[in-house]
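Keep in mind that what you see is a predicted model, and the values were worked out from it rather than measured.
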Amino acid sequence: MNTTTDTVEVPLYRTAHGRTGDKGDRSNISVIAWHAELYPLLVEQLTPERVAAQFHHRAPSQVQRFVLPKLHAMNFVLDAVLDGGVNDALNLDAHGKALSFLLLDMPVRVPRALVHLLAGP
């Protein structure tokens, strides 16, 4: 497959939605596909390495991925990304609730045949 003609690049939020939680200096971000047909390409493209690269400025010490195929979802656990956690951080979002937006902005490639399943314009 020629990825430049047979696929389009879109932000992740067009293929999935997310939820974020935190505990101490650890954030977990769930990514849930809008449609089951999009899930396999998300599993292929949303690797722990790519997620770590998306958060390079936060310098996570580790990124773990847990796949949840029956829910068409994944959960990412990022260690040491909250500047020490709620009680130690000087940043404005010590809880890390907005981190899902950073992940959902990551580009993914979608086959043209699945473009009709994308959310948004």
Side-chain angles (χ1 to χ4, degrees):
M1 176 183 340
N2 182 337
T3 59
T4 58
T5 59
D6 297 338
T7 64
V8 294
E9 186 174 272
V10 298
L12 178 58
Y13 67 80
R14 302 247 351 248
T15 64
H17 57 101
R19 294 273 301 172
T20 307
D22 57 81
K23 195 58 102 174
D25 198 17
R26 174 180 280 175
S27 179
N28 71 72
I29 305 172
S30 297
V31 175
I32 306 104
W34 288 119
H35 296 279
E37 296 91 339
L38 296 170
Y39 181 67
L41 70 94
L42 296 179
V43 170
E44 177 183 318
Q45 295 181 51
L46 296 179
T47 64
E49 295 78 18
R50 278 200 72 211
V51 172
Q54 185 74 358
F55 287 90
H56 72 278
H57 67 287
R58 293 277 195 149
S61 63
Q62 178 179 346
V63 175
Q64 297 176 78
R65 179 179 78 165
F66 301 91
V67 293
L68 306 161
K70 291 186 180 184
L71 299 175
H72 308 117
M74 289 174 273
N75 190 50
F76 292 92
V77 178
L78 293 80
D79 290 325
V81 293
L82 300 177
D83 296 333
V86 175
N87 295 326
D88 295 331
L90 298 177
N91 67 38
L92 294 176
D93 185 21
H95 290 283
K97 299 296 183 195
L99 292 183
S100 64
F101 292 103
L102 179 60
L103 182 58
L104 291 172
D105 196 42
M106 185 166 74
V108 294
R109 296 212 65 87
V110 177
R112 289 189 185 279
L114 298 179
V115 166
H116 69 282
L117 298 176
L118 298 177

**Asked** Should L114 and L41 be marked as a side-chain contact (heavy atoms from CB on, under 4.5 Å) after you check the CA-CA gap, both sets of side-chain angles, and the distance that decides it?
**Response** CA-CA 10 Å; L114 298 179; L41 70 94; 3.9 Å; yes
**Request:** Determine whether more than 12 heavy atoms belonging to other residues, nucleotides or ligands lie under 6.0 Å from atom NE2 of H57.
**Result:** yes
**Asked** What are the two closest non-hydrogen atoms of L46 and M74, and how far apart are they?
**Response** CD1-CE, 3.6 Å
**Message:** I need the minimum non-hydrogen distance between P60 and F55, along with the two atoms involved.
**Reply:** CD-O, 3.3 Å
**Asked** Roughly how far apart are L71 CG and S30 OG, rounded to 0.5 Å?
**Response** 9.5 Å
**Request:** Count the heavy atoms of every other residue, nucleotide or ligand shown that sit under 6.0 Å from OH of Y13, and state whether that count exceeds 12.
**Result:** no
**Prompt:** Are L78 and V67 connected, step by step, through hydrophobic side chains (Ile, Leu, Val, Met, Phe, Trp, Tyr) whose heavy atoms are closer than 4.5 Å?
**Reply:** yes
**Asked** Are any non-hydrogen side-chain atoms of T20 and L103 less than 4.5 angstrom apart?
**Response** no
**Message:** Test side-chain contact (heavy atoms from CB on, under 4.5 Å) on L99 and F76; report intermediate values, then the result.
**Reply:** CA-CA 11 Å; L99 292 183; F76 292 92; over 6 Å; no
**Request:** Name all residues meeting the salt bridge (Lys or Arg N to Asp or Glu O under 4.0 Å) criterion together with D79; count only those two or more places apart in sequence or in a different chain, and write none if there are none.
**Result:** R26
**Prompt:** Quick one: hydrophobic cluster around V77, which other residues, with the 4.5 Å side-chain cut-off, linked directly or via members?
**Reply:** F66
**Item:** Euclidean distance, M106 CE relative to L104 CG, rounded to 0.5 Å
**Value:** 9.0 Å
**Request:** Spell out, as yes or no, whether a donor-acceptor pair under 3.5 Å connects the side chain of R65 to the backbone of V43.
**Result:** yes
**Prompt:** Considering all heavy atoms of both residues, which atom of L117 and which atom of E37 are nearest to each other, and what is their separation?
**Reply:** CD1-CB, 3.6 Å
**Request:** Answer yes or no: is there a side-chain heavy-atom contact under 4.5 Å between V8 and R112?
**Result:** yes
**Prompt:** Taking the inter-plane angle between the rings of Y39 and H72 on a 0 to 90° scale, is it parallel (under 30°), tilted (30 to 60°) or perpendicular (over 60°)?
**Reply:** perpendicular
**Request:** Report yes if the side chains of V63 and T47 come closer than 4.5 Å at any heavy-atom pair, otherwise no.
**Result:** no
**Request:** Before giving the answer on side-chain contact (heavy atoms from CB on, under 4.5 Å), spell out for R14 and V110 the whole-Å C-alpha distance, their side-chain angles and the decisive distance to 0.1 Å.
**Result:** CA-CA 10 Å; R14 302 247 351 248; V110 177; over 6 Å; no
**Message:** Do V115 and V108 land in one hydrophobic cluster if side-chain heavy atoms of ILVMFWY residues count as linked below 4.5 Å?
**Reply:** yes
**Prompt:** Of the non-hydrogen atoms in S27 and V81, which two are nearest, and what is the gap between them?
**Reply:** CB-CG2, 3.8 Å
**Message:** With heavy-atom distances below 4.5 Å as the criterion, would you say the side chains of P107 and Q45 are in contact?
**Reply:** no
**Message:** Using the ring-ring contact (aromatic ring centres under 6.0 Å, His included) criterion, which residues pair with H35? Sequence neighbours excluded.
**Reply:** none
**Request:** Report the C-alpha distance between T15 and L118 in whole Å, list the side-chain angles of each, state the deciding distance to 0.1 Å, and finish with yes or no for side-chain contact (heavy atoms from CB on, under 4.5 Å).
**Result:** CA-CA 5 Å; T15 64; L118 298 177; 3.5 Å; yes
